[in-house]
Amino acid sequence: MQQEYNVVIADTSCFILIDKIDEWSLLQKVFQTITTTKEIASEFGKELPDWVHVKEVVNREYQTLLQLSVDLGEASAIALSVETGNALLVLDDYKARRLAAQLNLAYTGTLGIVLKAKQSGIIPYIKPVIEKIQLTNFRFSEKNYKKLLRLADETHEQEGN
């Protein structure tokens, strides 16, 4: 059963990685629109596509409190998620994901978006996209790589290579 969210809020790491592998269209096809905060847009430092909406966090005190555990961008994304309700956070940082879990917030990572693209029929295989990611400085374990291939039903692809 697929969960629908009112909004998808992406952190800086997602934008950086998507930009490095030149897969903006994949991100847009999966979610149509993305929301982010002005702090994240500033951290990213490049112009974002027009389908990425920048919103401000209203409760700055809560955001500041979250910064005791995570960086400014992640704190702003989590704070905006709490304010928005029924949001999906795109977080790659372990501490930010752990905090989101403690707050009972829904989250995924950039690799999860690639998997969703395959499951939604947007891309036929995740392996070529994952291989582009492996050429960047984004790191993930061999265990997670194999898990992604298994979830994408591409383990048979792995055996031939």
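Each residue takes its place number in the sequence, starting with 1.
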Considering only residues two or more places apart or on different chains, which pairs with a residue in residues 86-103 satisfy salt bridge (Lys or Arg N to Asp or Glu O under 4.0 Å)? none
Test: salt bridge (Lys or Arg N to Asp or Glu O under 4.0 Å). Region: residues 68-91. Which pairs qualify, not counting sequence neighbours? none
All ring pair (Phe, Tyr, Trp, His ring centres under 6.0 Å) counterparts of F15, not counting sequence neighbours: W24, F44
Counterpart residues, side-chain contact (heavy atoms from CB on, under 4.5 Å), relative to V82 (two or more places apart): Y62, L105
So, using side-chain contact (heavy atoms from CB on, under 4.5 Å) as the criterion, who are the partners of E61 when residues are at least two apart? N59
How far apart are the closest heavy atoms of A77 and T37, and which atoms are they? N-CG2, 4.1 Å
One should read off an interatomic distance between L88 CG and E4 CD, to the nearest 0.5 angstrom, of 10.5 Å
Non-hydrogen atoms of A75 and L66 that approach each other most closely: O-CD1, 3.5 Å
Distance check, rounded to the nearest 0.5 Å: I126 atom CD1 versus L149 atom CG? 5.0 Å
Side-chain donor or acceptor of T84 paired with backbone N/O of L80 under 3.5 Å: yes
Where at least one partner belongs to residues 10-28, residue pairs that pass salt bridge (Lys or Arg N to Asp or Glu O under 4.0 Å), sequence neighbours excluded: D19-K46, E23-K132
If I take atom CD1 from residue I133 and atom CD1 from residue I130, how far apart are they, to the nearest 0.5 angstrom? 4.5 Å
So how far is it from T108 OG1 to L115 CG, rounded to the nearest 0.5 Å? 8.0 Å
Among all residues two or more places apart in sequence or in another chain, which pass the side-chain hydrogen bond (donor to acceptor under 3.5 Å, both in side chains) test with S81? none
Taking side-chain contact (heavy atoms from CB on, under 4.5 Å) as the test, write out the residues that go with Q28, two or more places apart. W51
Set of side-chain contact (heavy atoms from CB on, under 4.5 Å) partners for I122, sequence neighbours left out: K29, V30, A117, S120
Kindly write out the residues that satisfy salt bridge (charged side-chain N to carboxylate O under 4.0 Å, His left out) with R60, not counting sequence neighbours, or none if the list is empty. E39, E56
